[in-house]
Amino acid sequence: MFTLSQTSRAWFIDRARQAREERLVQKERERAAIVIQAHVRSFLCRSQLQREIRREIDDFFKADDPGSTKRSALCIFKIARKLLFLFRIKEDNERFEKLCRSILSSMDAENEPKVWYVSLACSKDLTLFWIKQIKSILWYCCEFLKQLKPEILQDSRLITLYLTMLVTFTDTSTWKILRGKGESLRPAMNHICANIMGHLNQHGFYSVLQVCDPCPLICDFFTQHPHLDFYVWVQHTWCPPQKHFS
């Protein structure tokens with residue numbers, strides 16, 4: 001009888017231990033399921049948000065045809081922020097190309113200060129955000145230049161586009177906002193350009209130009225812009241001492 005009592009007690013303790021372990025395993029499974037569900041929901045939400053943003057960006061550039069009214073600099077700035085928020089080089093290369101063309105188009109507008117993309121640099125509320133944005137855009141231009149091949153026609157056009165972006169926003173000589181009464185802004189704008197160039201240089205700007213190879217297209221492009229501060233540096237970086245740009 002004593003032995004039977006001990007056996008029953010041991011059996012009861014063992015069953016209680018098993019039940020406790022099963023409850024712990026069940027709690028761990030529930031916790032793991034909640035974590036997995038949270039990750040899946042997060043992924044689906046991010047994917048949906050990215051699709052909606054990309055659709056909005058596509059609609060923006062689709063409506064921005066040559067015959068339409070030019071978009072304000074603020075509109076371009078806002079759409080650029082959205083593109084940079086989710087930017088992926090392989091997936092968004094065409095969108096980035098359209099953004100650059102839209103920015104350059106805004107800079108060519110005549111007597112429309114609100115259209116000039118660079119005009120946002122004069123806004124007290126947006127100056128720092130604009131500088132951060134243009135730094136990111138120009139560095140992505142450099143990233144694309146690493147991948148492009150000048151001997152391919154389509155690539156040569158993109159090289160010209162991205163070099164034009166770099167030229168336009170690292171030198172103030174073509175900024176229409178600085179003409180006439182805006183001349184007083186030139187020292188501040190030159191300082192911003194120096195800041196941008198410093199940022200690009202820290203990230204390997206000149207190594208990017210070396211990777212591009214001294215093809216005639218790029219050499220001719222810089223030959224046409226002898227006013228650039230980095231023109232001489234590019235000349236010595238790319239060309240041996242006996243070869244110089246005309």
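Numbers for residues simply follow the sequence, beginning at 1.
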For [X], does the [atom1] atom have more than 12 heavy-atom neighbours from other residues, nucleotides or ligands under 6.0 Å away?
X: L128; atom1: CG; result: no
X: E94; atom1: CD; result: no
X: K82; atom1: NZ; result: no
X: R29; atom1: CZ; result: no

Does one hydrophobic cluster hold both [X] and [Y], with members joined at side-chain heavy-atom distances below 4.5 Å?
X: L200; Y: Y140; result: yes
X: I152; Y: F96; result: no
X: V115; Y: L120; result: no
X: L99; Y: L145; result: yes
X: F85; Y: L126; result: yes

Can any side-chain N or O of S102 pair as donor or acceptor with the backbone N or O of K98 at less than 3.5 Å?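 No, because the side chain of S102 does not come within donor-acceptor range (under 3.5 Å) of the backbone of K98.
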If I compare all heavy atoms of [X] with all of [Y], which pair ends up nearest, and what's the gap?
X: D92; Y: R95; result: OD1-NH1, 2.8 Å
X: L161; Y: E97; result: CD2-CG, 3.6 Å
X: C193; Y: F169; result: SG-O, 3.9 Å

Polar contact flag, side-chain donor to acceptor under 3.5 angstrom, [X]-[Y]:
X: Q48; Y: E52; result: yes
X: R46; Y: S42; result: yes
X: E143; Y: W139; result: yes
X: S123; Y: D125; result: no

How long is the gap from [atom1] on [X] to [atom2] on [Y], to the nearest 0.5 Å?
X: E56; Y: K78; atom1: CD; atom2: NZ; result: 10.5 Å
X: M165; Y: I134; atom1: CE; atom2: CD1; result: 4.5 Å
X: D155; Y: Y162; atom1: CG; atom2: OH; result: 9.5 Å
X: T172; Y: L185; atom1: OG1; atom2: CG; result: 10.5 Å

Can a salt bridge be assigned to the pair E112 and K176 using a cut-off of 4.0 Å between side-chain N and carboxylate O?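 Looking at E112 and K176, the cut-off is not met.
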Is it true that K27 and E30 have a side-chain N and a carboxylate O under 4.0 angstrom from each other?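 Salt bridge flag = no for E30 with K27.
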Measure the acute angle between the ring planes of F144 and F87, then classify it against the limits of 30° and 60° as parallel, tilted or perpendicular.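 Perpendicular.
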Checking side chain to side chain contact (heavy atoms under 4.5 Å, CB included) between Y117 and each of I76, T168, L104, which is the one that passes?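 One option only clears the test, and that one is I76.
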